Amino acid sequence: MFTALAALFIGAGVLAVAADQFVIGAARVALIKQVPALVVGIVVVGFGTSAPELLVSVLAVVGDEPEVAIGNIVGSNIANLSLLLGVGALLVPLAVDSRTVRREAMLVVAATVGFGLAVQGGGIGRIAGVGLLAAMVAVLVVVIRTSTDDPLGTDVIEFSDTTEHRLARETGRLVIGLAGTLGAAQLLLWGAIDLADRAGLSGGFVGATLVAVGTSLPELVTVVQSARRSETDLIVGNLLGSNLFNALVAGGVVGLIGGPRIDNQSLTAVAVIASIAVACLAALAMRSSYVVSRREGIILVAAYAVVVPLLM
């Protein structure tokens, strides 16, 4: 059990650092290549911080652990919009000035509902997987085409700190960060599954808690970094973007790969309902005066503490 715990904590720690470097490298490369900052914030940062969830879920399905895969996606989405958003609001009240971020909040609710419907009946089928990926493409087209002159772009430039960075160096950062993320994801997954087997816990519960929190660490790093610079739109946009990619991209890819049927009501019913409820609560907090206050942050963190025992 000690080996499994060590693998879990080391994997989570390396994942947080490697994924953070991957996101920074990808954002800087994109900006150096003159990709619009707003697109970088919506696509690159959102996808980059959700890369651990995607990798872990794919590895889990390939390893015949579909409950861990689905639990990781659902659990990460719950953690992002309750625990992490709450922590961010406790550090600094989160003003949501970006129209893009406000629009994303409602899209996340819709994507969460779509993912929840897709997992009914024993898991995500290939047709549902294609549908989720198509929905992601549609969301990106709509968001990018309707977003102009948005404060999120300024936050992305400040976060990426593109002054005097060379393309070759940042490309290397991106590649090494991705490789580290992949290796750490495998280590985290192995440790979590081994620990679950030894403790007699279900794969769905472990995926929705231990693995989900581990794969959400890159988002936490971004939250803390952005809070220190008062880049509040980036904090909220990053968490919303990550949830969009988790539900639609990670969910879609898991569906395309396929896997054994899931027969776990705590995962396909309770966890899914909890993720939808949390998404609605977070969206409501963001749209109330367009500020997530410290009081609302406390409520969100408390909501996470209430939800976790229900996933057992």
Side-chain angles (χ1 to χ4, degrees), residues 23 27 37-46 48-50 76-113 139 142-144 146-161 213 216-247 274-307:
V23 171
L38 185 60
V39 175
V40 174
I42 295 169
V43 181
V44 178
V45 175
T49 52
S50 69
S76 293
N77 282 0
I78 291 172
N80 284 348
L81 293 186
S82 57
L83 180 62
L84 271 62
L85 184 63
V87 168
L90 290 175
L91 292 174
V92 56
L94 303 177
V96 186
D97 298 321
S98 167
R99 295 181 302 278
T100 301
V101 171
R102 296 174 192 172
R103 192 178 298 114
E104 273 190 308
M106 303 314 298
L107 290 172
V108 165
V109 173
T112 306
V113 172
V139 166
V142 170
V143 171
I144 291 173
T146 58
S147 302
T148 56
D149 191 26
D150 196 287
L152 180 61
T154 302
D155 279 3
V156 170
I157 293 173
E158 293 176 356
F159 172 78
S160 302
D161 184 23
V213 171
S216 291
L217 287 178
E219 285 91 339
L220 178 59
V221 171
T222 302
V223 165
V224 173
Q225 289 179 337
S226 300
R228 290 172 57 193
R229 304 175 185 178
S230 296
E231 296 158 354
T232 55
D233 280 316
L234 184 59
I235 292 175
V236 180
N238 169 51
L239 295 174
L240 291 173
S242 179
N243 275 32
L244 276 174
F245 279 97
N246 287 347
S275 68
I276 295 171
V278 165
C280 291
L281 181 62
L284 183 62
M286 292 173 201
R287 297 182 72 85
S288 61
S289 302
Y290 299 123
V291 176
V292 183
S293 66
R294 287 192 168 94
R295 181 180 178 181
E296 288 168 328
I298 293 172
I299 293 173
L300 290 168
V301 173
Y304 184 75
V306 170
V307 165

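Residue numbers start at 1 and run along the sequence shown. These numbers come from a predicted model, not from an experiment.
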Any side-chain heavy atom of [X] within less than 4.5 Å of one from [Y]?
X: L234; Y: V156; value: yes
X: T222; Y: I235; value: no
X: R102; Y: R287; value: yes
X: L239; Y: L81; value: yes

S216: what forms a side chain to side chain donor-acceptor pair (under 3.5 Å) with it, not counting sequence neighbours?
-> N80
Non-neighbouring partners of T49 that pass side chain to side chain donor-acceptor pair (under 3.5 Å), sequence neighbours left out = N238
Do you know the tightest heavy-atom contact between [X] and [Y]?
X: V92; Y: R294; result: CA-NH2, 3.9 Å
X: V44; Y: A27; result: CG1-N, 3.7 Å
X: V291; Y: A95; result: CG2-CA, 4.0 Å
X: A274; Y: I78; result: CB-CD1, 4.1 Å
X: V223; Y: G88; result: CG1-CA, 3.7 Å
X: S50; Y: N246; result: CB-OD1, 3.1 Å

According to the side chain to side chain donor-acceptor pair (under 3.5 Å) rule, which pairs have a member within residues 296-306, sequence neighbours left out?
-> S288-E296, S293-E296
Check: S275 main-chain N/O paired with N77 side-chain donor or acceptor under 3.5 Å | no
Please lay out, stage by stage, how L300 and L83 fare under the test side chain to side chain contact (heavy atoms under 4.5 Å, CB included).
-> CA-CA 6 Å; L300 290 168; L83 180 62; over 6 Å; no
List the atom pairs, donor and acceptor, that lie under 3.5 Å between side-chain atoms in residues 104-113 and the rest of the protein, sequence neighbours left out.
unit_1: T112; atom_1: OG1; unit_2: V108; atom_2: O; d: 2.7

Does the pair R228 and L91 meet the rule for a side chain to side chain contact (heavy atoms under 4.5 Å, CB included), with working shown?
-> CA-CA 8 Å; R228 290 172 57 193; L91 292 174; over 6 Å; no
Could you grab the distance from atom CG of L94 to atom OG1 of T232, nearest 0.5 Å is fine?
-> 6.5 Å
R295 atom CZ: more than 12 heavy-atom contacts under 6.0 Å | no
